[in-house]
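For reference, the structure is listed below as structure tokens.
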Amino acid sequence: MPPTLASLVNHSALKLTVRAGGDRLDVPVRWAHVSELADPVPYMEGGELLLITALKLDAEDREAMRRYVRRLAGAGVVGLGFAVGVNYDRIPEPLVDACAEEGLPLLEVPRRTPFLAISKAVSAAIAADQYRAVTAGFAAQRELTRQALTAGPEGVLGALAAQVDGWAALYDASGRVVAAAPEWAGRRAARLTAEVERLRERPAPASSVVGGPEHEDRVELHSLGTGRRPRAALAVGTAAAPGTAERYAVHSAIALLTLTTERSRSLHAAEQRVGTAVLRMLLAGEPDHARAVAGDLYGGLLDAPFRVIVAESASGTAGEPLHELAETVESAAARSGEAVLAVPEGERLVVLAADGGAAVAACTAYATAREAERTLPEPGRAPARPDEEELLVGLSAPAGPTAAAAAYKQAEQALSVARRRGRVLVEHERLAAGSVLPLLADDAVKAFADGLLRALREHDATGRGDLVASLRAWLSRHGQWDAAAADLGVHRHTLRYRMRRVEEILGRSLDDPDVRMELWLALKATSTE
């Protein structure tokens, strides 16, 4: 809600007193304006709280005050604030009576309350109201986006109708209603076919407002599409003109529905080509180039640990199981708002999915279901043979962009084991269950670890930093700066400085995977003491 006279009167710091018009304090205040002009009306827009000291007014003249107040009320001024103790010790009675007769709220402003304080209070309240509206608008955008990803156009219309407290309908290029929310809105939307057809004759983007005695409510029509001729149209029916938050929701729905109607097979193919390029760059050890190419399409996937999935059919051809797996992981990712990269690679499917996310869970569930079908086939169906269209899946351990090639190799190794064992899914981490960590208890290994880390421990002992802890966090996060910095509770620039100090002290490069391995094993060996 915007600020009102009542909220200003209740503002404890302002100490305002109502002298007239107390029954009209719920009116919104658009601004607080100071003017000592005898006639400030030409400079008013309506909705203002006018603040005066009566410097140029004869506030004791009843007829002059009647004319003054009548002019203010006619211009849409919502209230008058009078500062006492400046030109008048109290508000003159002729001004009080004129405001009471006109119904214009009159507020007494004590001398210790500067007009600037009132202006600041109004400005702060307006800013807070706008912030709430924008925040609500962003929340509406998120909800509409989620609905677009999970439920398609019908979900977008349902969310939009709820956001604007009205109804929404989608028309195709011919003006036919293809979806509406709520359901009863379909009949109302069908009566606007003529208006939609007229809208289609205008170059896109185009919009119009339909209203009047023949309509139950106010309806906005918006064309959808990026070409010269719109490919669809959106109708939004509300009781009144949408506010700021509702306007955000309408614009978001237009954008999302435009994307939905414009999406085509060629776009999907283009996305796949981008995904293929990103994957090749990651496997070539070029994570920075991969991020640049991925952009917003896959960029979020590269900001946290991910898993690599390599799948193929037992027959060695890109059959139906691979298509089903791709649809399964992409649908799961879409429902949860995750980024996922699924790339057909010859007779294989390669997937990069967020570690612990819905896509990996969906892949595991799908593979488990396939395993169960093969082990316990439906009645009357023989168990599948290895040469049938059966699915084989290898799943890597969590990795970051710099270790994508290693993760891909892990997934291939797991896939090879799945092929040999006749399993649908094998996880690389399960293969590594027989850990080498017990071997690190050897005294010679501990001596090596102590020698390797001694210089870092001595540095930390002087109180000049936490290099050992920082190194452990950075390695455990696969070199992910933001994640490791968050674990340590420091800025990533601080962590980058510490890692440079580690390299300087040890005289070794952390870009060398052998160095990383030795340091990690040393940390693990010393942590068992």
Side-chain angles (χ1 to χ4, degrees), residues 145 148-150 152-153 224-227 231 255-313 315-355 357-360 362-363 366 389 391-396 399-412 415:
T145 302
L149 293 172
T150 59
L224 303 176
T226 58
R231 299 184 60 179
L256 291 168
L257 291 171
T258 296
L259 287 174
T260 300
T261 55
E262 291 290 332
R263 188 176 180 86
S264 64
R265 195 176 308 172
S266 60
L267 176 59
H268 183 69
E271 290 180 356
Q272 276 202 340
R273 287 194 293 272
V274 173
T276 301
V278 170
L279 178 62
R280 288 176 177 172
M281 291 177 183
L282 288 173
L283 298 183
E286 300 177 351
D288 292 337
H289 290 164
R291 287 179 186 276
V293 172
D296 294 334
L297 188 59
Y298 301 113
L301 181 61
L302 307 184
D303 293 332
F306 55 75
R307 301 251 191 164
V308 177
I309 301 168
V310 178
E312 66 180 25
S313 64
S315 63
T317 60
E320 186 63 27
L322 291 184
H323 298 307
E324 290 183 0
L325 178 61
E327 291 179 358
T328 298
V329 296
E330 288 177 339
S331 298
R335 286 193 297 271
S336 61
E338 298 174 6
V340 65
L341 192 159
V343 177
E345 192 180 71
E347 299 169 352
R348 287 179 168 183
L349 174 70
V350 181
V351 178
L352 266 66
D355 178 40
V360 173
C363 174
Y366 179 78
E389 285 292 307
L391 184 69
L392 300 173
V393 181
L395 180 62
S396 77
T402 58
Y408 183 83
K409 186 174 182 179
Q410 289 178 354
E412 282 193 314
L415 179 66

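Model, not experiment: these values are computed from the prediction.
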Mind jotting down which residue pairs meet the salt bridge (Lys or Arg N to Asp or Glu O under 4.0 Å) criterion with at least one end in residues 400-412? Sequence neighbours excluded, please. R348-E412
If you look at every heavy atom in A407 and V308, which pair is closest and at what distance? CB-CG2, 3.7 Å
Considering all heavy atoms, the nearest A354-V360 contact: O-CG2, 3.4 Å
Hey, could you give me the CG/SG distance between L391 and C363, rounded to the nearest 0.5 Å? 7.5 Å
Just to verify, which of L301, V274, V329, L302 counts as forming a side-chain contact (heavy atoms from CB on, under 4.5 Å) with L341? L301
Which atom pair, heavy atoms only, marks the closest approach of P401 to R291? CG-NH2, 3.7 Å
Testing the basics here: between A311 and L325, what is the closest heavy-atom pair and its distance to 0.1 Å? CB-CD2, 3.6 Å
Where P287 and L282 come nearest, the two heavy atoms and their spacing: CA-CD2, 4.1 Å
Of the non-hydrogen atoms in L283 and A405, which two are nearest, and what is the gap between them? O-CB, 3.7 Å
Taking side chain as C-beta onward, heavy atoms only, is R307 less than 4.5 Å from L395? yes
If the condition is side chain to side chain donor-acceptor pair (under 3.5 Å), which residues does D288 pass it with, not counting sequence neighbours? none
CD of E345 to CZ of R280, rounded to nearest 0.5 Å, is 8.0 Å
V351, L279, V278 screened by side-chain contact (heavy atoms from CB on, under 4.5 Å) with V343, the one that passes: L279
Looking at side-chain heavy atoms only, is the closest gap between F306 and S396 below 4.5 Å? no
